[in-house]
Amino acid sequence: MKDLFHGLHRGARIYFRELLALGAVLLFILILTNLAWFGLSQNPKTCLTCHYIRPYYNQWAHGNHRDVKCTECHGERKFMMGSWAFSYITASFTDKPIARVKDSACLKCHEHQSLDTAQPFEQNITFNHKLHLENPVRGVQLHCMTCHNHRTPGQYLQVDDRTCFLCHFKGAEKGQSKTGCQTCHGNPKQSVEHQGFMFNHQAYIEVGVNCGQCHTDIISGNAAVPQEACQTCHAPHTERYKDFSLVHEVHVHREEVNCFRCHDEIQHGKFGMISSLEVRCESCHAKLHTPEKQLYIGSGGLGIEDEPSRMFLAQVSCDGCHIGKVGLGEEKFGAAALRTKQESCLKCHGKGYDLMLDDWLAHTPEMLRALEPSLRQTEAALNRSRVDDSTRAAMQEARYNYDFVADGKAAHNIFYAVDLLKRSADRMNQVRMNMGMPRLESALGPMLSTPDGICNTLCHGRIARPEVMTYEKTNFPHASHSQDLDLPCTKCHDPDKHRQKFIKRDGCKECHHQDVPIACASCHWRQNDLYRGESQELGLKESPDVMFTAGVDCHGCHDLSASHSLEIVAGKCGGCHDPSYKQMLTEWAAEVQQGAQQLATGLDSARTELEEAHRVGRSVFDETLAVNEINRRSLFMKESQPLHNYAAAITEYSTLREKLAEVRARLKPGKAAVRQAVEK
């Protein structure tokens with residue numbers, strides 16, 4: 001071996017010039033070959049030199065990128081003839097080509113498109129490129145080809161929704177997605193039919209029901225990565241197989257490998273739905289408890305929206321409450337039924353809920369007994385009268401809802417039952433008015449004739465009410481209003497929006513502007529912050545109004561016994577200062593109004609310019625955020641009533657107009673934007 005190397009070295013020295021010349025010739029041939037290939041590669045048909053490329057060529061030729069040359073996306077292929085030839089000569093080539101497309105290649109053509117705005121996808125779903133490309137998603141840095149990898153003829157490089165399902169459902173809890181169902185589907189508002197029952201999604205969404213409670217199976221497959229998948233590309237090595245970060249960094253971020261070269265598929269759809277109540281009793285008692293089920297589900301009544309029971313929303317089936325067996329008699333049923341017991345309430349809820357059930361069972365028959373005579377009397381009068389079809393339909397609806405509650409047992413859904421009985425009473429009174437009969441109020445019973453009738457009697461008399469509640473930014477002393485002052489619930493709460501804590505502001509003013517005054521800032525905190533010159537929302541700091549500096553409180557300008565108006569406040573100015581101050585306040589108001597109007601006009605123009613920028617494909621993400629922030633501050637200034645701090649308001653409007661002018665200057669189309677618009 002030593003003699004061999006010695007001979008080669010001696011030969012190289014002897015034939016150095018000849019070898020150098022041969023190397024130069026080979027290098028020249030290689031350069032010439034690559035130059036020739038550089039020119040030939042501009043024609044996509046050149047790719048067919050390698051016969052196993054034909055399927056990919058055919059896909060490209062029938063796709064939506066057929067007018068784009070192969071090397072526009074696969075730019076490195078212009079310069080690789082030498083390496084290809086070497087791999088062919090040495091038989092080291094692979095028949096499984098991996099052709100990567102860098103993001104920069106895509107953006108050469110698509111850079112004019114706005115990647116930071118929502119784009120329409122399928123079924124009214126919007127997609128935001130920036131959210132997916134700017135930062136790693138679930139620990140993985142995505143690229144254009146991560147999603148745009150569909151290679152079906154006619155759909156080349158379009159998005160395959162299987163890729164979406166892989167990322168959104170891999171590892172998610174049963175019946176859920178990683179980003180939540182509403183991200184794609186929004187909040188369905190239409191009514192749907194399921195196993196013979198009609199219900200509306202919105203009623204469930206408003207009380208926070210999870211989609212997975214009804215849509216139990218929404219995916220098929222688990223997107224597993226079998227170890228055998230590794231062997232399709234390289235020799236087996238499994239020591240880092242479960243290293244999520246490394247595997248995705250190498251395969252997705254660095255090599256841009258198609259997800260489905262490794263992952264199995266996930267399919268998404270309505271594969272499994274919960275049965276309506278899944279009541280096992282019906283194997284013997286077929287359709288025996290349909291009214292109870294419908295009332296429990298909160299559907300089937302007439303004239304009001306669906307209102308599912310909270311127990312139904314929590315997926316409590318019949319035997320969750322009916323736990324005590326009782327014989328019903330062999331002759332009639334030949335089986336045993338389940339009776340409701342108080343222990344079932346205590347198993348899940350706190351003390352007092354068992355007594356609440358007793359109240360429901362005791363008082364709902366009272367409501368039915370109070371309404372029944374009035375219904376029978378009105379029906380008898382109707383049968384003796386000649387009335388139009390609409391009046392008869394109203395009476396039929398009143399009777400139907402009454403019978404529906406009576407048959408369904410109101411305790412199965414107490415709130416829905418009360419609303420149905422109130423609807424029945426309203427329709428009955430409408431019929432009576434159409435026939436010239438007097439309305440009936442007291443005959444309906446206290447729980448139906450007064451809006452506050454059910455609050456304490458059926459619920460809040462048994463369970464503790466919160467001592468303090470938060471209303472806007474105010475700690476509202478609930479206990480002192482409901483207990484100490486013994487105010488009815490409907491003094492502050494709207495009876496038609498029960499359980500939504502909707503407090504009528506006019507009701508607050510009736511007391512707190514007259515008999516029971518409180519600190520003005522408790523409610524009017526926006527105005528107070530502006531008056532003090534310390535508003536976080538507006539960015540004000542140490543800019544108090546001159547009146548605040550002089551120690552003038554709210555009552556110095558406002559007369560709560562009179563209606564609020566600029567003239568009354570101006571009269572206060574004239575009472576303390578020179579009469580000319582009254583005119584000065586009017587001038588201030590006009591100046592502030594002018595500043596607000598100028599800003600509003602500028603905002604309208606800016607929104608139009610933003611729309612135009614979007615239309616021509618410009619990226620205006622930062623400008624959109626800036627316009628939204630200016631609009632938010634202008635609305636907050638309007639709510640704060642600018643005259644509470646005239647100097648700060650004038651400064652704020654001036655600052656906002658300057659900021660808006662800067663944004664609009666950036667929105668003016670430059671040469672590049674004009675060129676893109678013309679090309680588009």
* If we ignore angles and hydrogens, is there a donor and acceptor under 3.5 Å between the side chains of Gln527 and Arg532? -> no

* Asked: Hey, are Glu366 and His363 close enough side-chain-wise for a donor-acceptor pair under 3.5 Å?
  -> yes

* Distance-only, no hydrogens or angles: does the Ser424 side chain make a donor-acceptor pair with backbone N or O of Ala398 under 3.5 Å? -> yes

* Over 12 foreign heavy atoms within 6.0 Å of CG, Asp389 -> no

* To do: To the nearest 0.5 Å, tell me how far Leu302 CG sits from Tyr400 OH.
  => 5.5 Å

* Asked: ring-ring contact (aromatic ring centres under 6.0 Å, His included) with His168: which residues, sequence neighbours excluded?
  -> none

* Asked: Any donor and acceptor pair, going by atom type alone, linking the side chain of Ser640 with main-chain N or O of Phe636 inside 3.5 Å?
  -> yes

* Leu530 to Met637 - nearest heavy-atom pair and separation -> CD2-SD, 4.1 Å

* Evaluate the side chain to side chain contact (heavy atoms under 4.5 Å, CB included) criterion for residues Asn429 and Met437: first the C-alpha distance (whole Å), next the side-chain angles of each, then the deciding distance (0.1 Å), finally the verdict. => CA-CA 9 Å; Asn429 274 321; Met437 300 174 65; over 6 Å; no

* Centroid-to-centroid, His558 to His524, below 6.0 Å? -> no

* Taking all non-hydrogen atoms of both residues, which atom of Ile266 and which atom of Gly221 are closest, and how far apart? -> CG1-O, 3.7 Å

* Does any N or O in the side chain of His263 come within less than 3.5 Å of the main-chain N or O of Ala223, such that one atom is a donor and the other an acceptor? -> yes

* Would Lys422 and Asp426 pass as an ion pair if we require N to O under 4.0 Å? -> no

* How close do Thr378 and Met435 get, heavy atom to heavy atom, and via which atoms? -> O-CE, 4.1 Å

* **Pair Asp306-Ser299, side-chain donor/acceptor within less than 3.5 Å** => no

* To do: Can you measure from CD (Glu639) to CH2 (Trp525) and round to the nearest 0.5 angstrom?
  => 8.0 Å

* Any chance the side chains of Arg427 and Asn401 put a donor and an acceptor closer than 3.5 Å? -> no

* Counting N and O atoms only, with roles assigned by atom type, does the side chain of His412 sit under 3.5 Å from a partner on the main chain of Lys409, one being a donor and the other an acceptor? -> yes

* Distance from Arg633 atom CZ to Ser535 atom OG, nearest 0.5 Å? -> 9.0 Å

* Asked: Taking NZ, NE, NH1 and NH2 as the nitrogens, is one of them in Arg369 or Glu372 under 4.0 Å from a carboxylate oxygen of the other?
  -> no

* Asked: Is there a donor-acceptor pair closer than 3.5 Å between any side-chain N or O of His268 and the backbone N or O of Ile218?
  -> yes

* Flag the pair Leu368 / Leu421 as yes when at least one side-chain heavy-atom distance between them is below 4.5 Å, and no otherwise. => yes

* Asked: Looking at Asp407, Leu420, Ile414, which hits side-chain contact (heavy atoms from CB on, under 4.5 Å) with Leu295?
  -> Leu420

* Asked: Is there side-chain contact between Asp529 and Glu534, with heavy atoms separated by less than 4.5 Å?
  -> no

* To do: Grab the two heavy atoms, one from Gly408 and one from Glu292, that are nearest each other, plus how far apart they are.
  => O-CG, 3.5 Å

* If you round to the nearest 0.5 Å, how far is CZ of Arg392 from CD of Glu397? -> 16.0 Å

* To do: Considering non-hydrogen atoms only, spot the tightest contact between Gln294 and Gly300 and give its length.
  => NE2-CA, 4.3 Å

* Can you list the steps and then say if Arg399 with Asp403 is a salt bridge (Lys or Arg N to Asp or Glu O under 4.0 Å)? -> CA-CA 6 Å; Arg399 170 55 70 178; Asp403 291 341; 3.4 Å; yes

* Tyr416: ring-ring contact (aromatic ring centres under 6.0 Å, His included) partners, not counting sequence neighbours -> none

* To do: Drop me the distance from Ser177's OG to Ile219's CD1, to the nearest 0.5 angstrom.
  => 10.0 Å

* Structure fact -> Taking every heavy atom of Leu166 against every heavy atom of Asp264, the minimum-distance pair comes out as CD1-O, 4.4 Å

* Where the side chain of Asn413 meets the backbone of Glu307, is there a donor-acceptor pair that is under 3.5 Å apart? -> yes

* Asked: Below 4.5 Å, heavy atoms only, C-beta onward: do Val387 and Met395 meet side chain to side chain?
  -> no

* **4.5 Å side-chain heavy-atom contact, Gln430 and Asn434** => yes

* What is the distance from atom CG of Leu382 to atom CD of Gln396, rounded to the nearest 0.5 Å? -> 8.5 Å

